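The block underneath contains the structure these notes are about, expressed in structure tokens.
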Amino acid sequence: MKTTSKALMVTLATAGTVWAASGAESEANGLLVTMFLAFGALIIVFQLLPGLMLFGAMVKGLFIRPAKDIATGTSGNETA
């Protein structure tokens, strides 16, 4: 009987935090938070597409030789 009561006391003492937790708090985001995050993601996406297009044009301009001017026979980089 003594060991049973000791085991019961130890079990109840260690399980106190389980009994105290009610689970009433909500950790889920509300609808407005989700809409705000989605709006921010849309802004980033719509700014990313033109940025990538400009970056591609810049890289293309770096690696392509300028065409020769037909009228003067120069490549356009020489100064008179």
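What you are looking at is a predicted structure, and each value in this text was computed from that prediction instead of being measured.
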Subject >> Heavy atoms of other groups near Leu48 CG, more than 12 under 6.0 Å >> reply: yes
Subject >> Rounded distance [0.5 Å steps], CD1 in Ile43 versus CD in Gln47 >> reply: 8.0 Å
Subject >> Over 12 non-hydrogen atoms of neighbours within 6.0 angstrom of CE in Met58 >> reply: yes
Original post:
Would Phe39 end up clustered with Ile44 when hydrophobic side chains under 4.5 Å apart are linked, directly or stepwise?
Top reply: no
